[in-house]
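In what follows, chains are A, B, ... by sequence order, proteins preceding strands, each numbered from 1.
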There are 2 protein chains.
Amino acid sequence: MKPRSNKSKRTRKRIVAKHLADELGVSISTISRAFTPDTRISPKTKAKILEYAASIGYQPNPYAQSLTTQNNTIVGIVVSDISNNPFYPEALARLSDALRQAGYNAMLFPVSEGQTPDDVLPQALAFEPEFVIVLAATVSSQATVFAAEGGTNLIFFSRYVPGSPTFSVTCDNADGGRAIAEHLVECGHTRLAYIAGTPKTSTNRDRWTGFSERCTELGVTDVHKEETGIFSYDSGYQAALRMFARSARPEAIFCANDIVALGAMDALRGELGLKVPDDVSVAGFDNIFMSGWPSHSLTTYNYPLEQMIAQTMMLIERISNDPDYDPISVVVPGHLVVRSSTRARNGQDEHPAG
Amino acid sequence: MKPRSNKSKRTRKRIVAKHLADELGVSISTISRAFTPDTRISPKTKAKILEYAASIGYQPNPYAQSLTTQNNTIVGIVVSDISNNPFYPEALARLSDALRQAGYNAMLFPVSEGQTPDDVLPQALAFEPEFVIVLAATVSSQATVFAAEGGTNLIFFSRYVPGSPTFSVTCDNADGGRAIAEHLVECGHTRLAYIAGTPKTSTNRDRWTGFSERCTELGVTDVHKEETGIFSYDSGYQAALRMFARSARPEAIFCANDIVALGAMDALRGELGLKVPDDVSVAGFDNIFMSGWPSHSLTTYNYPLEQMIAQTMMLIERISNDPDYDPISVVVPGHLVVRSSTRARNGQDEHPAG
DNA sequence: CTGAAAGCGCTAACAT
DNA sequence: ATGTTAGCGCTTTCAG
């Protein structure tokens, strides 16, 4: 975190509070008060100062502010495998936007290849942010403790650490798995299959759990699980090929996410010459924008990104107002989006559930 | 940029240099020297300090550092319409990764709906970053001046401001347009069309210019230009429908980017029942990962993201070492990627040009 | 090679 | 309502 050499261009002259004070014939404190809410200052002088400041482009130095007030506007965002799922970048974009609108500044801490979130978390903690949002990654409980000691709240977005008392905002993955199970069974399918994503992730685990449990409840026991190493197009593609190379072919496939589903679908149609949904139904999870394209028109479970962002911001506000607010897991439900990749029964069709 | 209320959890006790000084029986200055390169300090004490610091997780306060040294590690990244093109998020992710590896910290400044980059740039400038990278957006020359006055270097990524002396790193859009033109003509097409993207962008303009100019050079004069308001799937979809509602249908279409091309392709195949490339050839620009999917297998021009990031980092290093380095425009060439959305002639096929 | 002292730009008591 | 003073945690002369 050490400052870099920064030879000034010409003679970079920064405008500081003293300049305004001299120019307007007031003290430096008064300048400060004009920029600090809930402080005693006459509206007249405040207006005068603000106006002059705007005209010359003065803004209080945030580093000095942080130093004196002992707090700052920075929220760290730790992200990993961002380009793997087209949904993460959007989450990142919206999150940082929401943060900015709430007066925070998002600082990005990408986890590079070969690194773990634990490697980059300290860098984020150096800025002593009130919050660090961990997006699509897991962090050791060790690191969690470090953060807590520094007074930083870790918020897991779209992931959670089971058993560990941390803040998290996730999609209701189990409910999604259940919804898909119901839908496929309703379509009349009895030989089902699941194509998995990254094994150790909570998303993968919970989607499978919800799916298989609901299947059992509905009396469907022929549910195959096909493992893959990772959430990816190619994973889905290869998994589908493997499954259909066997004799017992499924009638319907639920994929761990849309990307995997899209891959599976392309393998089924392109490589195996099967028709979707006539020969096999395919469903995904996330409802990424490509899933709505006519080329795939994928049935899926909508990932409630908007609400998750909103919940995250609410959480941040709550914690900010009450530092002793206890860790909670916010689980946001999504909804089924039926398109034409699953066999429609009785004229049932696009059924916009939300 | 004003600090937010931040009541401490329990009694948040930050570790500061004085603590180490007391504990190790040295002065604060010595602690500082242990973390500052090129300073006189005995290797022994330095090692002792660094070791102890690591054990208790001490890091110098970056705010204090910035205040005293008058420089910082922050690089602002101004981004807009990030979710419109799946390529931007990747650029963002890689850029911030590269920055971090170079010792910088990426701070995100998203341009929200209804805002312009000019609205958020001041927020970035408040942190007095040495650099602000402007991604996929344009900034008024007015704002450019403000930045320069504060000593901040603006670097346009994937955009440039014609005529204005600024730093920019762009893809060779004109070359790409030319390459596609050559390819389509080589395929034997004579009635060509271009589906545009966001009108005022340099990417859209340059791709069209290169394309149309090369067509002319090659003696092909029947080139239609179909405008759209924006780079999007739907733009491509609708534009294709409009074009094919007319009597003079093109034989080949070059789309301003892959997203537009994918939309056009789906309209052609799904809605109009045409075959690609048998009835019409379609080419895009960017080579986003979906373009390689079997479902579309789109011929395109590879966007040299990797090299552009590398060039950007080189630029940053140069400017950092020589603050009077004059503004330059770095233009990075990509290469043609032929897939099966364009009619192959003489057994010509996937021809990996890079 | 190390310590003491000054000061970066600002905010927050404390006076007035 | 405004000015004065004392730091925030660090780096950097300047002494030694």
query = Relative to the ring of A:H19, is the ring of A:Y52 parallel (under 30°), tilted (30 to 60°) or perpendicular (over 60°)?
reply =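 Because their plane-to-plane angle is under 30°, the rings of A:Y52 and A:H19 count as parallel.
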| query | What is the ring orientation for B:F167 with B:Y325, classed by angle as parallel under 30°, tilted 30 to 60°, or perpendicular over 60°? | reply |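 The arrangement is parallel - the two ring planes meet at less than 30°.
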Within the structure, does a side-chain N or O atom of [X] lie under 4.0 Å from either OP1 or OP2 of [N]?
{"X": "A:Y58", "N": "C:dC10", "result": "yes"}
{"X": "B:Q70", "N": "C:dG9", "result": "yes"}
{"X": "A:S32", "N": "C:dT11", "result": "yes"}
{"X": "B:S42", "N": "C:dT2", "result": "yes"}

task: Using heavy atoms to find the nearest nucleotide of DNA chain C for B:S27 and B:T68 separately, return the residue whose nucleotide is more 5′.
output: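 On the 5' side of the pair lies B:S27.
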- Select from B:T30 and A:V16 the residue whose nearest nucleotide in DNA chain C is closer to the 5' end of that strand.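 Between the two, 5'-proximity favours B:T30.
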| task | Would you mind classifying the nucleic acid contact of B:I28 as base, sugar-phosphate or nothing, using non-hydrogen atoms under 4.0 angstrom? | result |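 Base contact.
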How many Å lie between [atom1] on [X] and [atom2] on [N], as a whole number?
{"X": "B:N71", "N": "D:dT12", "atom1": "CG", "atom2": "P", "answer": "9 Å"}
{"X": "B:K46", "N": "C:dT2", "atom1": "NZ", "atom2": "P", "answer": "12 Å"}
{"X": "B:K18", "N": "D:dT11", "atom1": "NZ", "atom2": "P", "answer": "16 Å"}
{"X": "A:F35", "N": "C:dG9", "atom1": "CZ", "atom2": "P", "answer": "16 Å"}
{"X": "A:Y63", "N": "C:dT11", "atom1": "OH", "atom2": "P", "answer": "15 Å"}
{"X": "A:N72", "N": "D:dG9", "atom1": "CG", "atom2": "P", "answer": "13 Å"}
{"X": "A:R40", "N": "C:dA15", "atom1": "CZ", "atom2": "C1'", "answer": "14 Å"}
{"X": "B:D38", "N": "C:dC1", "atom1": "CG", "atom2": "P", "answer": "13 Å"}

With respect to the side chain of [X], which nucleotide from [options] is positioned closest?
{"X": "B:T45", "options": "C:dT2, C:dT11, C:dG9", "answer": "C:dT2"}
{"X": "A:Q65", "options": "C:dG3, C:dT11, D:dC10", "answer": "C:dT11"}
{"X": "A:T69", "options": "D:dT2, D:dT11, C:dA12", "answer": "C:dA12"}
{"X": "A:R33", "options": "C:dC10, D:dG3, D:dT11", "answer": "D:dG3"}

query: Side chains of A:N71 and A:T69: do they bring a donor and an acceptor to under 3.5 Å?
result: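 Yes - a donor-acceptor pair under 3.5 Å links their side chains.
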Side chains of B:T30 and B:S27: any donor to acceptor distance under 3.5 Å?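 Side chains of B:S27 and B:T30: pair found under 3.5 Å.
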*asked:* Regarding B:K18 and B:D22, does a basic nitrogen lie under 4.0 Å from an acidic carboxylate oxygen?
replied: yes
- What distance separates B:I74 CD1 from B:Y104 OH, expressed to the nearest 0.5 Å?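 One finds 12.5 Å between CD1 of B:I74 and OH of B:Y104.
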Nearest heavy atom decides the nucleotide; on that basis, is B:L67 or B:T39 closer to the 5' end of DNA chain D?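 On the 5' side of the pair lies B:L67.
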Has the side chain of A:S29 got a donor or acceptor atom sitting under 3.5 Å from an opposite partner on the base of D:dT4?
->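 Present.
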